[in-house]
2 protein chains.
Amino acid sequence: MGKRVTINDVARIAGVSRQTVSRALNDKGEIDGSTKQRVLDAARELGYRPSRFARGLVRQDSTTIGLVIPDLLNPFFTEVAHGALEAARARDWHVIVYDTADSIDEERRTIEVVVSQVDAVVGYFSLDEAELDQHLSGIPVVLIGREHRTPRFSSIRIDGQKGVHEAVDHLVAAGHRRIGMLDHAGRAEPSLRRGWFADAMATHGLDAPVVGNAVQSVDGGAEALHEMLSRHPDLTAVFTYNDVVAIGALRAARRLGLAVPGDLAVIGFDGLQLGTVVDPALTSVALDTTRIGALAIDQAGRLLAGEPPLPPEELQVSATLLVRDSA
Amino acid sequence: MGKRVTINDVARIAGVSRQTVSRALNDKGEIDGSTKQRVLDAARELGYRPSRFARGLVRQDSTTIGLVIPDLLNPFFTEVAHGALEAARARDWHVIVYDTADSIDEERRTIEVVVSQVDAVVGYFSLDEAELDQHLSGIPVVLIGREHRTPRFSSIRIDGQKGVHEAVDHLVAAGHRRIGMLDHAGRAEPSLRRGWFADAMATHGLDAPVVGNAVQSVDGGAEALHEMLSRHPDLTAVFTYNDVVAIGALRAARRLGLAVPGDLAVIGFDGLQLGTVVDPALTSVALDTTRIGALAIDQAGRLLAGEPPLPPEELQVSATLLVRDSA
DNA sequence: TTGAAAGCGGTACCAT
DNA sequence: ATGGTACCGCTTTCAA
C-alpha cells in the first residue's frame with residue numbers, strides 16, 4: 001500500500017511523458033511553464049513522491065553512514081554521535097544511528113542489517129573482527145575506541161598518556177601523594193587508562209597506586225569510592241576511569257562530609273559537558289569527543305572515495321587536562 | 001569510483017548467470033552447493049556488495065524514518081531520540097538523525113534533503129506548516145512538542161497540566177506560599193507551562209506568581225535565579241521551565257548559601273536522568289521522554305501503513321511529579 | 001538446478 | 001519543448 005503512485009501515474013494524469021514529469025519535478029529548464037504547472041498539479045493531487053531507491057539507483061550520489069553506538073543515553077556516546085552527525089552534515093551525508101543497547105545480540109542484529117542500508121559503518125563494536133568482517137564484508141568500517149588487528153579495519157585511538165600525566169602532575173603539584181584510581185570493573189585486563197596512571201605515578205616516584213574497580217555508572221562510582229576510602233582512608237585524591245564514575249565519587253565524598261577538592265581531589269576522564277553541571281565542576285582529562293566522531297566520518301569518507309586513508313598517527317585523539325574545580 | 005562491482009561482474013567471474021548469483025547470495029534453495037560456493041568466492045574476491053538502491057527498488061520493504069532534532073547534546077532531546085531509536089528498532093526500521101543545531105537555516109536544509117531519504121519524518125521543527133508542507137510534500141510528518149494546525153500533520157502533545165498542579169500541591173503542602181517561576185526567555189508568548197503554573201497557583205488562592213525569564217542553559221538558569229531572588233528575596237520555592245534551568249538554579253542557590261530544599265525548594269520540568277547526578281537530586285515534573293519518541297514513531301508507522309492514525313487524545317504524554325530531593 | 005526476460009521507478013541522452 | 005529509449009543493479013516469474 002505504501003509507495004503506490006509512480007511517475008507513470010503522474011504522466012498519465014497530466015497527459016505527458018514521464019520524462020516531462022521528471023523535468024518538471026527537477027526544475028530542469030526546457031519545459032513549458034503551463035506544462036510544468038499541469039504536471040506539478042497532477043503530482044500534488046496524486047500525492048506523488050519519487051522513489052528514493054529508483055532515484056538513488058540512477059544518480060549515484062548521496063552517501064549514508066551507519067553509526068553504531070552502545071547507548072545513546074550515555075553522555076560520552078552522545079557527544080561522539082554529535083560530532084559524527086556534525087561532520088556528516090558538513091558533507092551532506094546522512095547518518096543512520098543504531099543504538100545497540102549494550103547488548104551483543106543487538107550488535108549482531110545491527111551488523112546484519114546495516115550493511116544493506118549504508119555505504120560505510122563507524123562506531124563501537126565488541127564483536128571480534130572475524131565476525132564483523134563476515135557481515136560487514138566489502139564495506140568500510142571504522143572502529144572507535146578499540147584498536148584494529150587486521151588491515152581490513154581502521155580505528156580511532158584514544159591516547160590519554162599525556163593527559164593522564166598532566167593530571168597526576170597537577171595533583172602532585174598541589175601536594176598530593178596518596179592518589180587512588182577507580183578503574184573500570186568487570187573487564188578481563190586492566191584498562192589502558194590504568195596503565196597510563198601507573199606510569200605517571202611511577203614517574204613521580206610515588207607508591208604503586210591503590211586501585212579500586214567501579215561499575216560504570218554514577219552509583220557505581222559512589223559505591224566504589226566508599227569502598228576504597230574505607231580501606232585506604234589516607235587517600236587525598238582520586239583519578240577515575242571516566243567522568244560518570246567521577247561524578248559518583250563526587251557525590252560519595254559529599255555524603256562522607258569530605259570537601260572537594262579540599263579533603264579529596266577528584267579527576268575524571270572524558271571531559272564531558274556533564275562535568276559542568278555538578279558542583280564543584282569536575283576536573284577531567286578531556287577528550288575532544290566531537291573530534292572522535294568527526295575523525296571517524298573523515299576516515300570513512302577517504303575509504304569510500306578510494307583516497308589514501310589517514311595513517312594511524314592521525315587517527316588518534318589525545319587528551320589534555322581540563323582543570324575545573326574538583327582538583 | 002564508488003560502487004563499481006555489480007552482480008554482473010560476479011556472474012561473469014563465477015561463470016553463471018546473475019540470477020544464480022542472486023540465489024547464492026540470498027540463500028535461496030534450488031542451487032547446487034558447489035555453484036553456490038563458487039559464486040560466494042567470486043563475490044568475496046571482487047569485494048562485491050549489492051546496491052541498496054537496486055535492492056530496495058525491487059523489494060519494497062525496509063522503512064527509514066527521519067528524526068529531526070534541534071540539538072542532540074541537549075539531554076532532553078537525547079532522551080527523546082533514544083525513545084525513537086528504540087521504537088524503530090523494535091520494528092526493524094532505520095532512523096536517520098538530523099541535528100539542526102538550533103538553526104533555522106539548518107532546519108531548512110534538512111527538510112529539503114530529508115524527503116528523498118526517508119519514508120516519514122518525525123521531530124522538532126520551528127518552520128511554519130506551509131513551508132514544511134512545501135518541502136515535505138506527500139510524506140507523513142509527526143511534529144513533536146508543538147501542536148499542528150492543519151490536518152496535514154500529526155503532533156505529539158505534552159500535557160503538563162496535571163503534573164504542574166501536583167508540583168504546586170507538593171510545595172504548598174510543604175508550607176510554601178511564595179513560589180516563583182523561571183520561564184523560557186526569548187519567546188513571543190508565555191509558555192504553556194507558565195499557564196499551567198499560574199493556574200495551579202490560582203487554585204490554591206495564591207498571589208499572581210512572580211515570573212522570571214531564563215535563557216535555556218545551566219548558566220542561564222543560575223543567572224535568572226540570582227536576578228529573581230534579588231528582586232524577590234521572600235521566595236521560598238521556584239518552579240522552572242525545564243530541568244536544565246533548574247540545575248542552574250540549584251547551583252545559584254548553593255552559591256548564595258541557600259540550602260536546598262531547606263531555604264529554597266526547586267522543581268524542574270522534564271524529569272531527565274540528568275537530575276539524578278546533581279546534589280540534591282532534582283525534583284521534577286517528569287515526562288516519559290522515551291514514550292514521546294516511541295509515540296512519534298508509532299504514529300508515523302500508522303500513517304505509512306494507511307492505518308487509522310492515533311487520535312489526538314492518545315498522542316499526548318502527560319507529566320507526573322517525580323519527587324526526589326530538591327523539593 | 002539454472003537461465004532468459006520482465007520489471008521495480010527513475011534519469012540521461014538523443015531524436016523530433 | 002517534448003517524447004522514445006536505454007539503462008542504473010537487482011529480484012522475481014517462468015521456461016528449459
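Small disclaimer: the values here were computed from a predicted structure and weren't measured.
Close to D:dG9, at under 4.0 Å from its OP1 or OP2, lies no side-chain N or O of B:T6. Residue B:R18 has no polar side-chain atom (N or O) positioned under 4.0 Å from OP1 or OP2 of C:dG3. For D:dG9, neither phosphate oxygen OP1 nor OP2 lies less than 4.0 angstrom from any side-chain nitrogen or oxygen of B:N8.
A:R55 has its CZ atom 20 Å from the C1' atom of D:dC10, to the nearest Å. Spacing between atom CZ of B:R49 and atom C1' of D:dC10 amounts to 14 Å, rounded to whole angstrom units. The separation between A:D9 atom CG and C:dG10 atom C1' is 13 Å, rounded to whole Å. Here D:dC8 presents its C1' atom at 9 Å from CG of B:L57, a figure rounded to the nearest Å. Spacing between atom OH of B:Y48 and atom C1' of D:dG9 amounts to 7 Å, rounded to whole angstrom units. Atom CG of B:D32 and atom P of C:dT2 are 5 Å apart (whole Å). Rounded to whole Å, atom C1' of D:dC10 lies 6 Å from atom CD1 of B:I7. Atom NZ of B:K36 and atom P of C:dT2 are 12 Å apart (whole Å).
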Exercise. Verify side chain to side chain donor-acceptor pair (under 3.5 Å) between B:T20 and B:S17, making sure each step is shown before the conclusion.
Key: CA-CA 5 Å; B:T20 302; B:S17 68; 3.2 Å; yes
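Nucleic acid contact for B:T20: sugar-phosphate only, since backbone atoms but no base atoms lie under 4.0 Å from a heavy atom of the residue. Using a 4.0 Å heavy-atom criterion, one finds that A:V21 contacts no nucleic acid atom at all.
Taking only side-chain atoms of A:V16, from C-beta outward, the nucleotide of D:dG3, C:dG3, C:dT2 with the closest atom is D:dG3. Side-chain proximity of A:T35 to the nucleotides D:dA1, C:dT2, D:dC10 is greatest for D:dA1. Comparing C:dT1, D:dT11, C:dG10 by their nearest atom to the side chain of B:N26 picks out D:dT11.
With 3.5 Å as the limit, one finds no donor-acceptor pair spanning the side chains of A:D105 and A:S103.
Of the listed residues (A:V121, A:L304, A:V142, A:V114), just one forms a side chain to side chain contact (heavy atoms under 4.5 Å, CB included) with A:I65, and that residue is A:L304. The only option from B:H82, B:E79, B:Q273 that meets the side chain to side chain donor-acceptor pair (under 3.5 Å) definition with B:T289 turns out to be B:E79.
Every residue two or more places apart in sequence or in another chain that forms a side chain to side chain donor-acceptor pair (under 3.5 Å) with A:E147 is listed here: A:R157.
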What's touching nucleotides 12-16 of chain C from the protein side, N or O pairs under 3.5 Å?
none

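Counting all heavy atoms, side chain and backbone alike, A:G301 lies closest to A:W93 at CA-CH2, 3.3 Å.
Comparing B:G33 and B:A54 by the nucleotide of DNA chain C whose heavy atom lies nearest to each, the residue mapping closer to the 5' end is B:G33.
In this structure, the separation between NE2 on B:H148 and CG on B:L143 is 8.5 Å, given to the nearest 0.5 Å.
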